[in-house]
Amino acid sequence: MAWTSASEPITTALSADEFKRRLRAMERYYHLHHPFQQMMARGELNREQLQGWVINRFYYQASIPRKDAALLANCPDPAVRREWVQRIIDHDGRGDDPGGIEAWLRLGEAVGVSRERLLSLDEVLPGVRFAVDGYINFARQRPWEEAVCSSLTELFAPEAHRSRLSTWPQHYPWVDNEGLAYFRNRLGQARRDVEHGLSLTLAHFRSAEAQQRALETLGFKLDVLWSMLDAMYLAFIVEMPPYQAVEDQ
């Protein structure tokens with residue numbers, strides 16, 4: 001059942017506490033619960049499947065600064081821009097901090113995928129590319145407040161990072177532990193980002209109609225993340241990659 005049909009519509013404006021509870025309740029649709037992620041946590045992925053996840057997830061990671069730049073381009077509030085720009089720096093790096101994209105490239109090397117292979121984007125599945133590009137376009141076209149709200153999947157991200165930090169050394173000992181730095185770094189960054197994103201969401205989504213839109217926006221972002229894993233599950237677990245039924249001519 002889709003989350004939109006399973007969630008009770010908001011007809012009367014909620015208090016801040018109840019609104020936060022409704023937002024946090026969306027965690028049950030987070031991609032940590034996807035069968036692909038569950039297999040990863042149980043150590044059931046082989047080397048090629050884990051590499052496939054790293055390759056495809058990189059397209060998302062590398063696109064986040066573009067999404068945030070689109071949000072900033074639509075935001076007239078300098079105070080918001082000054083704080084939000086840190087997210088771009090976190091991914092792109094500055095000074096002595098190489099940033100999250102570089103950390104993901106090192107994760108790729110730790111699982112046996114060269115940075116040249118990752119940066120080429122040649123192996124990104126069409127479904128993953130479509131979902132991520134849709135997210136960037138959402139941030140470009142929708143009000144900046146909605147783009148902020150879409151970032152609130154970070155409410156649920158620390159648990160995903162902790163899961164990988166605890167299960168990968170146990171189940172995938174061939175992965176160099178230094179390559180897990182991305183997950184360690186994001187634990188602190190995500191907590192900071194959540195506080196900012198949540199405060200902006202509570203401030204700007206006050207009416208029942210606006211709060212309903214916020215839930216729908218967060219649902220859209222959850223759809224993006226879940227759809228990415230659907231594409232990977234089909235390609236790497238079911239072994240039905242794109243166009244596999246098309247015979248070579």
Closest non-hydrogen atom pair, [X] against [Y]:
| X | Y | answer |
| --- | --- | --- |
| Trp174 | Arg47 | CE3-NH1, 3.2 Å |
| Tyr182 | Gly100 | CD1-O, 3.5 Å |
| Val80 | His196 | O-CE1, 4.2 Å |

Is any side-chain N of the basic residue among [X] and [Y] closer than 4.0 Å to the acidic one's carboxylate O?
| X | Y | answer |
| --- | --- | --- |
| Asp92 | Arg66 | no |
| Arg117 | Glu123 | yes |
| Arg186 | Asp193 | yes |

Distance in Å, Arg129 CZ paired with Ser63 OG, rounded so as to fall on 0.5 Å steps: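 Interatomic distance, Arg129 CZ to Ser63 OG, rounded to 0.5 Å: 9.0 Å.
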Straight-line distance of Leu229 CG to Leu234 CG, nearest 0.5 Å: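 Interatomic distance, Leu229 CG to Leu234 CG, rounded to 0.5 Å: 12.5 Å.
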Verify same cluster id: Met232, Ile55 (apolar side-chain graph, 4.5 Å):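 As far as the 4.5 Å side-chain criterion goes, Ile55 and Met232 are connected within one cluster.
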Phe58: which of Leu121, Val128, Val124 passes side chain to side chain contact (heavy atoms under 4.5 Å, CB included):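 Testing each of Leu121, Val128, Val124 against Phe58, the sole residue satisfying side chain to side chain contact (heavy atoms under 4.5 Å, CB included) is Leu121.
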Phe19 and Phe205: CA distance, side-chain angles, deciding distance, ring-ring contact (aromatic ring centres under 6.0 Å, His included) verdict: CA-CA 9 Å; Phe19 186 32; Phe205 294 84; 7.0 Å; no
With His34, the ring-ring contact (aromatic ring centres under 6.0 Å, His included) member among Trp53, Tyr29, Trp226: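 For His34, the ring-ring contact (aromatic ring centres under 6.0 Å, His included) test succeeds with only one of Trp53, Tyr29, Trp226, which is Trp226.
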